[in-house]
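One structure below.
Protein chains get the first letters and strands the later ones, always in sequence-line order, with residue 1 at the start of each.
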Amino acid sequence: MNIPKAYEPNKKEKKVYKLWEKTGYFNPEELPDRHDEPFSILMPPPNANDPLHIGHAVFITLQDIMIRYNRMNGKKALWLPGADHAGFETQVVFERKLKEKGKSRLDMDRDEFYKQVWDYTQKNRDLVRDQIKKLGASCDWSRDTFTLDEKVVNTTYKTFKKMADEGLIYRKKRLVNYCTNHQTAFSDLEVDHEERKTNLYYIKYGPFILATTRPETKFGDTAIAVHPDDRRYRKYVGKQIKIRTLLGEKKIKVIADEAVDQEFGTGAVKVTPAHSEVDFEIWQRHKGEMPEPIEVIDKDGKMTDAAGPYSGMDAKKARKKVAEDMDEMGILQRVDDEYEHSMSVCYKCGQEIEPLLMEQWFIDIKPLAEPAIEAVKNGDVTIHPDNYRKVYLHWMENIKDWNISRQNWWGIEIPAWKCMDCSTDENEEWIITEGEEPDECPECGGDNLEQDTDVFDTWFSSGQWPFATLINEDEPELEKYFPTSVMETGFDILFFWVARMIMLSLYRTEQIPFKDVYLHGLVRDENKDKMSKSKGNVINPIEVAEEYGTDALRMSLVVGNMPGKDMTISENEIKGYRNYVNKIWNMFRFLMMRCQDYDPKNDPKLSKKDKELLEEFKEKAKEITDDLDNFQFSHAGEKLYHYSWHRFADEIIEESKDVLEDEKKKAARQEVLISIFAGILKLAHPFIPLVTEEIYQKMPLEDKKETIMIEEWPV
RNA sequence: GGGCGGUUAGCUCAGUGGCAGAGCAUCUCGCUUACAUCGAGGGGGUCGUAGGUUCGAAUCCUUCACCGCCCACCA
């Protein structure tokens with residue numbers, strides 16, 4: 001056998017992956033008999049709008065380790081891959097590409113836009129699939145699922161209908177987080193908070209001086225609020241007072257509400273329910289005393305007719321103009337231009353979020369949250385690392401209703417139809433179905449129905465991923481993989497995704513979606529900076545895998561990657577693991593050179609020392625197994641690295657060189673070395689699957705399997 | 001405003017009551033027929049601060065400082 005001195009991953013990796021695919025063992029139903037107990041992981045579907053980044057490589061590696069380890073332990077291991085249509089995210093990416101070509105989605109109709117985005121995501125999906133293969137992932141491609149596949153969409157419709165029937169869905173005109181740039185509403189989670197410096201204007205309101213950061217919204221003021229205990233203003237509470245405004249004289253009511261901070265500004269605040277969350281809540285509490293909210297800004301961020309002469313003006317420009325005009329009129333007392341406060345901004349473009357009153361679909365979330373809190377409290381679902389359990393519970397216990405409608409074109413359309421005949425301004429008549437268009441309105445029998453133009457928040461459908469993929473009539477055999485064993489994902493989507501999956505699973509199936517949640521951190525560069533294209537510090541996992549080998553990349557993503565913590569990675573580190581993989585290769589090369597006369601069928605008598613070496617390996621293997629069982633992947637990888645290199649190669653092999661010269665002891669020692677090395681290959685296989693398979697195929701072993709993938713775990 | 005995490009060797013981090021560890025980097029020596037993508041050996045830390053508990057503290061308790069993150073309706 002002519003074995004090259006250095007391992008050349010590029011020449012071997014593709015071939016090895018093809019071998020695996022040929023065996024069919026990625027599909028758990030094809031596994032040999034000893035595999036019975038199911039073990040399942042759902043791959044968090046990568047967005048089908050961009051190639052993979054290093055973060056994907058992290059979760060692919062960790063999940064592949066779990067899958068391969070459990071498969072070798074005789075479990076029916078299912079790793080179900082997928083791709084995410086990623087609604088709003090993809091729409092933004094695609095629109096950016098259109099813009100680069102000087103186009104816009106408004107140049108085409110909605111169907112045409114949808115079709116173009118569909119084609120775009122399918123192309124990306126193929127690319128991403130190849131990249132996942134390049135990373136050595138042993139997932140079951142026969143079950144590859146797209147988040148817009150029929151079964152997923154149907155499941156989403158069914159859930160929505162069930163919720164609507166049970167009164168958990170409501171449509172209300174409520175204040176929502178709106179981005180006038182992206183022209184859509186967001187849930188609270190998609191809003192970032194930033195400390196920014198703004199002007200704080202002090203405005204005369206009759207006998208009051210009120211502080212506000214947004215003078216342009218004053219046309220929407222419907223009350224003045226003070227704290228009920230504030231002695232300064234007690235005499236005004238409940239009274240109408242006369243104020244001078246840019247639109248002439250006006251009467252406005254003074255109300256008392258606990259939300260007002262006596263210490264802030266002058267202790268009195270204008271109430272603008274149509275454009276401020278706090279003010280909206282004040283209005284909810286004082287409906288009888290106040291007029292209906294007045295909307296002064298529209299969806300395009302322009303002033304409405306309610307703003308009189310400012311109508312049509314951009315709200316930001318109006319802010320300045322209104323302030324100037326008020327100053328001229330003498331009702332602007334002063335301006336504090338050093339005022340720093342936290343404001344809501346769009347997580348995508350950073351533009352100020354405009355709270356607007358809009359009709360949207362909401363989920364009454366408390367009834368869903370309660371069982372999901374219980375499931376984590378009682379240990380049905382375990383979160384690793386443990387400190388995220390507290391973070392989860394805190395969020396869940398303070399959860400607010402979820403706005404699931406988005407004003408986008410790319411996504412699952414909401415299966416709700418409005419009857420135009422019997423809907424009035426006060427009362428809209430909506431018909432919700434499981435997707436099919438209704439023939440007539442059940443109320444009035446009319447057929448003048450219009451479907452809602454909104455789509456679902458992507459997280460509403462992806463929150464149903466576990467049961468949408470594993471429970472359906474067409475593939476009943478898949479049900480044994482639900483609930484899944486582990487959900488491995490980034491801590492940044494604990495609320496977005498993990499929490500929603502737990503809630504929606506319990507709601508629809510009365511079962512938890514997964515038993516363990518393992519959260520990994522963010523990958524940063526060697527200076528601990530976030531990787532970003534604009535900084536130019538990104539490490540492209542595919543390029544690195546091509547240069548140093550997939551196994552080296554995987555090793556570098558595991559060792560030093562502690563649960564729930566950010567990790568750093570550098571090219572130098574990857575190079576180090578390339579050396580390690582090469583070291584393994586050379587252990588193999590050494591053994592083959594010195595064991596040419598080795599016959600696995602022989603049964604030589606082992607010396608005491610030989611037995612000790614075997615025993616020592618067993619102990620180390622046990623430690624590594626314990627680490628894997630406890631989600632300590634970094635420790636497991638490090639122990640493997642250390643034992644195989646610095647114990648097995650540096651010491652055991654070195655000591656054995658003399659023994660192998662001794663004809664009497666030689667056969668026994670060959671047996672021991674090959675046996676331990678085969679054990680190392682098995683232990684290492686989940687971490688560095690490609691090189692271990694390549695070597696395994698060439699090893700002289702008894703009862704050799706088709707692939708090391710289905711070898712028995714050596715503990 | 002509330003919460004969480006971190007602070008250990010030059011760097012990245014393990015270590016949660018019993019003699020301070022790993023990898024990388026560095027220095028010295030060695031091209032010995034598995035591997036120079038290697039081997040042998042060395043240097044390097046008052047474990048953020050101040051106090052407490054203990055026979056014994058990087059580890060438990062308290063204080064402070066600095067860094068990072070998450071949540072939150074101060075106009």
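Checked by atom type, the side-chain pair A/Asn572/A/Glu526 shows no donor-acceptor distance below 3.5 Å. Defined by atom type and a distance below 3.5 Å, a donor-acceptor pair is missing between the side-chain atoms of A/Asn403 and A/Asp457. Side-chain polar atoms of A/Tyr598 and A/Glu671 form a donor-acceptor pair below 3.5 angstrom.
Using atom C1' as the reference point in both B/U12 and B/C19, the two lie 26 Å apart (nearest Å). Rounded to whole Å, the separation between the P atoms of B/G17 and B/C35 comes to 46 Å. Comparing the same atom, C1', in B/G48 and in B/A57 gives a spacing of 16 Å after rounding to whole Å.
Legend: salt bridge (Lys or Arg N to Asp or Glu O under 4.0 Å) pairs involving residues 564-578 of chain A, not counting sequence neighbours, sorted by first then second residue: A/Arg524-A/Asp566. Note on residues 384-398 of chain A: pairs passing salt bridge (Lys or Arg N to Asp or Glu O under 4.0 Å), not counting sequence neighbours, are A/Lys377-A/Glu397. The ring-ring contact (aromatic ring centres under 6.0 Å, His included) analysis of residues 544-571 of chain A, with sequence neighbours excluded, yields no pairs.
OP1 or OP2 of B/A75 has at least one side-chain nitrogen or oxygen of A/Tyr339 nearer than 4.0 Å. Considering only side-chain N and O atoms, A/His646 lies nowhere under 4.0 angstrom from the phosphate OP1 or OP2 of B/G39. Here A/Asn579 does not reach the OP1 or OP2 of B/C35: none of its side-chain N or O atoms lies under 4.0 Å away.
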One character per nucleotide, please: for nucleotides 8-14 of chain B, 5' to 3', B when the base has a protein heavy atom closer than 4.0 Å, S when only the sugar-phosphate does, - otherwise. ----SSS
How would you summarise protein contacts on nucleotides 27-33 of chain B per nucleotide, using B for base, S for sugar-phosphate only and - for none, with heavy-atom distances below 4.0 Å? -------
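The residue A/Asn387 sits close only to the backbone: its heavy atoms come under 4.0 Å of sugar-phosphate atoms, none of a base. In this structure, A/Tyr641 reaches the sugar-phosphate backbone alone: every heavy-atom distance under 4.0 Å involves primed, P, OP1 or OP2 atoms, never a base. Contact annotation for A/Lys5: backbone-only contact, meaning every heavy-atom pair under 4.0 Å involves sugar-phosphate atoms and none involves a base.
Judged by distance alone, with hydrogens and angles left aside, A/Lys390 brings no side-chain donor or acceptor close enough to the base of B/C4 to form a pair under 3.5 Å. In the interface, the side chain of A/Glu277 is not paired with the base of B/A75 through any donor and acceptor atom under 3.5 Å apart.
For A/Thr212, taking side-chain heavy atoms from C-beta onward, the closest of the listed nucleotides B/C73, B/A75, B/U37 is B/A75.
Stem regions annotated for RNA chain B: B:1-7 with B:65-71, B:10-13 with B:21-24, B:26-30 with B:38-42, B:50-52 with B:60-62, counting only runs of 3 or more consecutive pairs of Watson-Crick or G-U type with both contacts under 3.5 Å.
For the side-chain contact (heavy atoms from CB on, under 4.5 Å) criterion with A/Val691, the lone passing option out of A/Asn582, A/Asp551, A/Thr550 is A/Asp551.
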